[in-house]
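Proteins come first, then strands; the chains are lettered A, B, ... in the order of their sequence lines, and each starts at number 1.
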Protein chains: 2
Amino acid sequence: MRGPSTPYDLKRAIGRSVGYFWNFPHAQLYAEPKRLQGAGFLDVHEEDTGRRRKIYTITEAGDAALRDWLAEPVKEHFELRDIAEIKLFFNELAEPDDVARLARDQIEQHERRIAEYEEMQRRYGGIEGVSSRMVTLELGLGMEYAAREFWRGVQERVERGEFSSMKRRPTAR
Amino acid sequence: MRGPSTPYDLKRAIGRSVGYFWNFPHAQLYAEPKRLQGAGFLDVHEEDTGRRRKIYTITEAGDAALRDWLAEPVKEHFELRDIAEIKLFFNELAEPDDVARLARDQIEQHERRIAEYEEMQRRYGGIEGVSSRMVTLELGLGMEYAAREFWRGVQERVERGEFSSMKRRPTAR
DNA sequence: GCGCCACGGTACGCTTCGGACCATGTCAGC
DNA sequence: GCTGACATGGTCCGAAGCGTACCGTGGCGC
């Protein structure tokens, strides 16, 4: 989509797009093109002076492989990976105050993210060509709204004393 | 929460709970207790006959560490890890038919999951003691509803011809 | 008495991860 | 014209995560 790019270019592009819902450790972005090049899906041009940038270009084979992959059905269900959710799952072992703080922090975090996303929508929403890349932003927003509502509910319930701590773990099987 | 358990016990328990939103390759569930035991957070009792089960019990130190962790604030934002979303992000490179199929499959997948979750709610919702563990199920459901709505929207837009393919990639920088 | 399947676990190679580290330009402010 | 901060562009590496293949045990139905 971007044309020939260096890993660093990708890193920045990702930071403003897919990075919001799929984390890429930057070291990966240097290792992966190397592999793809080995597989014949990318060509490299390495500068021989200065910063020695490596500019990768997709090959015909790479283009074909990408399109094949896109046409392939998705079997995996999405995975959430939410530390806060894990902690809430173990709420019985925590103090109600901890749960309350967890909920408060989560609401704040999701609100911040919602503000970011809504700002992006306002800024780039109308622009021709870019808007088809904005579709996924809506999913992100939907998820954020749902999460915010959920944690608000948790907060209310904590306030009503519906979470209680279990001081000792069970020792019997 | 469960008391002394074997990795296998955990594997099954996880399959019916956290496993829905956080994947655990079962090999991990044998390696991790070993590590935790090394750190003094678990005790082992290994059977010396038959299946040689390893039954792990949490220690005082482990219990304390767990509670500390639960009390610690969560810094990381959740991560979605949705292959379908990635593919949709690259919709410009795919055929509209592929996008349509993607949306259809996703709607089906999310509906299946919603049915499972709703069934769980009906079955275990009222039960004393278990219901505090059901909280996270609500978040799961919220996410599923949001995702289903989103993909329905995508489907409608594909039908209206709002997605078009870009046959050739840009070659200029 | 035997074959199947749930149980319970190990081994191993590959990938992913993230933090530490390094070197090159650029530009603002003195 | 020097310097220090910061963006650029990248490598290295140990640790953790992943998934598949594989192995033995025991209960139960036929």
Side-chain angles (χ1 to χ4, degrees), chain A residues 2-39 41-57 65 69 74-83 85-86 173, chain B residues 2-39 41-57 65 69 72 74-83 86 173:
Chain A
R2 308 185 69 264
S5 304
T6 69
Y8 189 76
D9 290 337
L10 294 180
K11 184 196 148 197
R12 286 190 317 160
I14 283 171
R16 287 176 273 107
S17 58
V18 248
Y20 279 105
F21 63 94
W22 197 307
N23 180 48
F24 290 86
H26 81 283
Q28 279 335 84
L29 297 172
Y30 292 93
E32 199 58 26
K34 201 171 288 176
R35 281 207 334 164
L36 291 174
Q37 181 217 341
F41 293 153
L42 295 180
D43 284 336
V44 218
H45 169 72
E46 184 173 356
E47 293 181 344
D48 44 358
T49 61
R51 303 216 167 160
R52 305 188 165 279
R53 285 193 203 83
K54 291 187 177 170
I55 298 159
Y56 290 94
T57 311
W69 177 73
V74 175
K75 285 181 297 281
E76 303 84 355
H77 195 84
F78 68 43
E79 214 188 312
L80 197 50
R81 301 231 156 207
D82 186 358
I83 311 268
E85 192 178 358
I86 294 262
R173 181 90 134 104
Chain B
R2 308 186 69 264
S5 304
T6 69
Y8 189 77
D9 290 337
L10 295 179
K11 184 195 149 197
R12 286 191 314 160
I14 284 171
R16 287 177 273 109
S17 58
V18 247
Y20 278 105
F21 63 93
W22 198 307
N23 180 47
F24 290 86
H26 83 282
Q28 278 337 78
L29 297 172
Y30 292 91
E32 200 59 22
K34 201 172 286 176
R35 282 206 336 164
L36 291 174
Q37 182 218 339
F41 294 152
L42 295 180
D43 284 336
V44 220
H45 169 72
E46 186 173 354
E47 294 180 344
D48 44 358
T49 61
R51 301 210 168 164
R52 306 190 163 276
R53 285 190 202 86
K54 291 187 179 170
I55 298 160
Y56 290 93
T57 311
W69 178 73
E72 221 169 69
V74 174
K75 287 182 294 283
E76 303 84 354
H77 195 84
F78 68 43
E79 216 188 310
L80 197 51
R81 301 232 155 206
D82 187 357
I83 310 268
I86 294 263
R173 178 93 131 103

Nearest nucleotide by nearest heavy atom, which residue falls closer to the 5' end of DNA chain D, E32(B) or H26(B)?
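By nearest-heavy-atom nucleotide position, the 5'-most residue is E32(B).
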
Does a nitrogen or oxygen in the side chain of [X] sit under 4.0 Å from OP1 or OP2 of [N]?
{"X": "N23(A)", "N": "dT16(C)", "result": "no"}
{"X": "R12(A)", "N": "dA7(D)", "result": "no"}
{"X": "Y30(B)", "N": "dT10(C)", "result": "no"}
{"X": "R35(A)", "N": "dT15(C)", "result": "yes"}

Taking the side chain of [X] as its heavy atoms from C-beta onward, which of [options] lies nearest to it?
{"X": "Q28(A)", "options": "dG18(C), dG10(D), dC17(C)", "value": "dC17(C)"}
{"X": "Y8(A)", "options": "dG9(C), dG9(D), dG19(D)", "value": "dG9(D)"}
{"X": "R51(B)", "options": "dG26(D), dG19(D), dC17(C)", "value": "dG26(D)"}

Quick one: does [X]'s side chain get under 4.5 Å of [Y]'s, heavy atoms only?
{"X": "R81(B)", "Y": "W22(A)", "answer": "yes"}
{"X": "H26(A)", "Y": "I14(A)", "answer": "no"}
{"X": "I86(B)", "Y": "W69(A)", "answer": "yes"}
{"X": "F21(B)", "Y": "E85(A)", "answer": "yes"}

DNA chain C: G50(A) or R81(B), which has the more 5' nearest nucleotide?
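That would be R81(B).
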
Can you check the [X] [atom1] to [N] [atom2] distance for me, whole Å?
{"X": "K34(B)", "N": "dG8(C)", "atom1": "NZ", "atom2": "P", "value": "17 Å"}
{"X": "R53(B)", "N": "dG9(C)", "atom1": "CZ", "atom2": "P", "value": "8 Å"}
{"X": "W22(A)", "N": "dC17(C)", "atom1": "CH2", "atom2": "C1'", "value": "14 Å"}
{"X": "D48(A)", "N": "dT24(C)", "atom1": "CG", "atom2": "P", "value": "15 Å"}
{"X": "I14(A)", "N": "dT8(D)", "atom1": "CD1", "atom2": "P", "value": "15 Å"}
{"X": "R52(B)", "N": "dG26(D)", "atom1": "CZ", "atom2": "C1'", "value": "14 Å"}
{"X": "D9(B)", "N": "dG9(C)", "atom1": "CG", "atom2": "C1'", "value": "13 Å"}
{"X": "L29(A)", "N": "dC12(D)", "atom1": "CG", "atom2": "P", "value": "17 Å"}

Between R12(B) and D9(B), is the side chain to side chain contact (heavy atoms under 4.5 Å, CB included) condition met? List the steps. CA-CA 5 Å; R12(B) 286 191 314 160; D9(B) 290 337; 4.1 Å; yes

Would you indicate what K54(B) reaches in the nucleic acid, counting non-hydrogen atoms under 4.0 angstrom: base, sugar-phosphate, or nothing?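 Sugar-phosphate contact only - K54(B) comes under 4.0 Å of backbone atoms but never of a base.
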
